[in-house]
2 protein chains.
Amino acid sequence: MNSDFTLAIHSLTLLALQPGRMTTSDAIADSAGVHPVRIRKVLALLKKHGFIKSKEGTGGGFIFALGLNEVNLWDIYKLTSEGAIQPKCPDSNEKCVVGAHMQKVLFAIFQGAEEHLGEFLKHYSIKQLVDLIKQEKENCE
Amino acid sequence: MNSDFTLAIHSLTLLALQPGRMTTSDAIADSAGVHPVRIRKVLALLKKHGFIKSKEGTGGGFIFALGLNEVNLWDIYKLTSEGAIQPKCPDSNEKCVVGAHMQKVLFAIFQGAEEHLGEFLKHYSIKQLVDLIKQEKENCE
DNA sequence: CTATCTATAATACTTTATAGTACAGTTAAC
DNA sequence: GTTAACTGTACTATAAAGTATTATAGATAG
């Protein structure tokens with residue numbers, strides 16, 4: 001899966017740890033190890049869907065718009081990566097029974113698979129991620 | 001997901017429809033719409049893991065080595081695409097709490113997610129794919 | 001009115017996926 | 001035993017996708 005998902009989760013988790021105050025795209029980019037412009041694209045997407053708010057100008061930045069329990073991994077997956085588990089299908093030979101129908105059959109199966117995946121990802125909220133990160137940190141000390 | 005999965009499934013389904021006789025890589029490549037060399041790489045993988053057998057020389061080709069119910073989508077996913085649903089993680093900043101631990105946390109979650117996906121994919125055998133293809137064909141007539 | 005931010009378009013670069021070429025090895029049939 | 005039809009695989013070339021970078025415009029606080 002592409003890294004936009006990771007960057008979105010990373011951003012949200014970071015914002016979750018800075019409640020009530022603005023965090024700049026530069027700070028997030030630095031933490032995530034990518035270019036600020038890249039993270040802003042991801043942040044723009046999160047903003048567009050109401051997960052975060054932003055403010056321009058001095059003292060501006062990004063901040064969580066919802067409760068930490070109101071956002072889960074499935075929400076973000078849908079936003080950044082929907083369809084990502086669909087196996088790529090080269091344009092196959094329409095004259096062949098298999099070639100003509102394989103794409104449609106696999107597509108239907110993997111739509112089901114993605115929904116199934118969704119049920120799993122829904123169990124992880126940003127709140128839980130924050131807890132897991134903290135737990136992981138403790139294990140390292 | 002990469003198209004090796006699709007090519008492998010495509011190949012197996014085609015072989016399933018040619019029981020008891022050899023099918024050449026050229027025929028499979030033609031049906032799948034890719035270069036014969038490419039399909040041979042996929043077929044080599046399937047052979048290595050005992051799903052198909054091959055024979056060189058005139059009249060040679062590939063043939064199913066197992067029962068059609070003994071192979072399912074999860075088997076092939078593991079072979080061609082294991083880890084594919086793991087979101088890519090850029091090397092993040094180790095000095096930041098989030099950066100330092102996000103990768104490990106997400107990796108663990110998506111390992112669980114992939115197992116969960118496996119439970120779903122296990123329900124589809126090559127036999128069932130053949131049936132679905134036939135059904136799809138009938139719907140088009 | 002300047003420094004600090006977001007927003008976004010456009011371009012360059014890097015990595016990955018795929019196609020294609022070339023050639024060696026195997027086998028059946030003539 | 002030579003030829004045509006195959007598999008097997010290393011290597012190179014091309015296309016596509018992902019990512020970084022530059023440039024520039026607009027907003028806001030002090």
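Numbered from 1 within each chain, the chains take letters A, B, ... in sequence-line order.
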Lys55(A) side chain near dA29(D) phosphate (N/O to OP1/OP2, under 4.0 Å): yes

His116(B) and His116(A) aromatic ring geometry - parallel, tilted or perpendicular at 30°/60° bounds: parallel

Flag side-chain contact, heavy atom, 4.5 Å: Lys88(A) against Thr6(B): no

Whole angstrom value for the distance that separates P of dA27(D) from CE of Met22(A): 17 Å

For atom CD1 of Ile28(B) and atom P of dG8(D), their distance in whole Å: 11 Å

Length of the line joining Met1(A):CE and dT16(C):P, which is rounded to integer Å: 17 Å

Pair Asp4(A) + Arg38(A), salt bridge at N-O below 4.0 Å: yes

Spacing between Ile39(A) atom CD1 and dT19(D) atom P, to the nearest angstrom: 11 Å

Distance, rounded to the nearest Å, where Arg38(B) contributes CZ and dT21(C) contributes C1': 17 Å

Nearest-nucleotide 5' precedence on DNA chain D, Gly59(A) against Lys47(B): Lys47(B)

Between dT12(D) (C1') and His35(B) (NE2): distance, integer Å: 13 Å

OP1 or OP2 of dG8(D) under 4.0 Å from side-chain N/O of Ser54(B): yes

Which residue lies more 5' along DNA chain C, comparing Glu56(B) with Arg40(B) via nearest heavy atoms: Arg40(B)

Thr58(A) side chain near dA3(C) phosphate (N/O to OP1/OP2, under 4.0 Å): no

Nearest-angstrom distance from the residue atom CG of Asn2(A) to P of dT15(C): 17 Å

Nearest-0.5 Å distance, CG of residue Leu68(A) to CG of residue Leu129(A): 10.5 Å

OP1 or OP2 of dT18(C) under 4.0 Å from side-chain N/O of Ser3(B): yes

Atom-to-atom span, CG of Leu46(A) to P of dA7(C) - whole angstrom: 12 Å

Contact nearer the 5' end of DNA chain C, comparing Val37(B) with Leu43(A): Leu43(A)

Same cluster (ILVMFWY, side-chain, under 4.5 Å), Leu12(A) and Leu45(A): yes

Nucleotide nearest Lys41(B) when distance is taken to its side chain, options dG20(C), dC5(C), dA9(C): dG20(C)

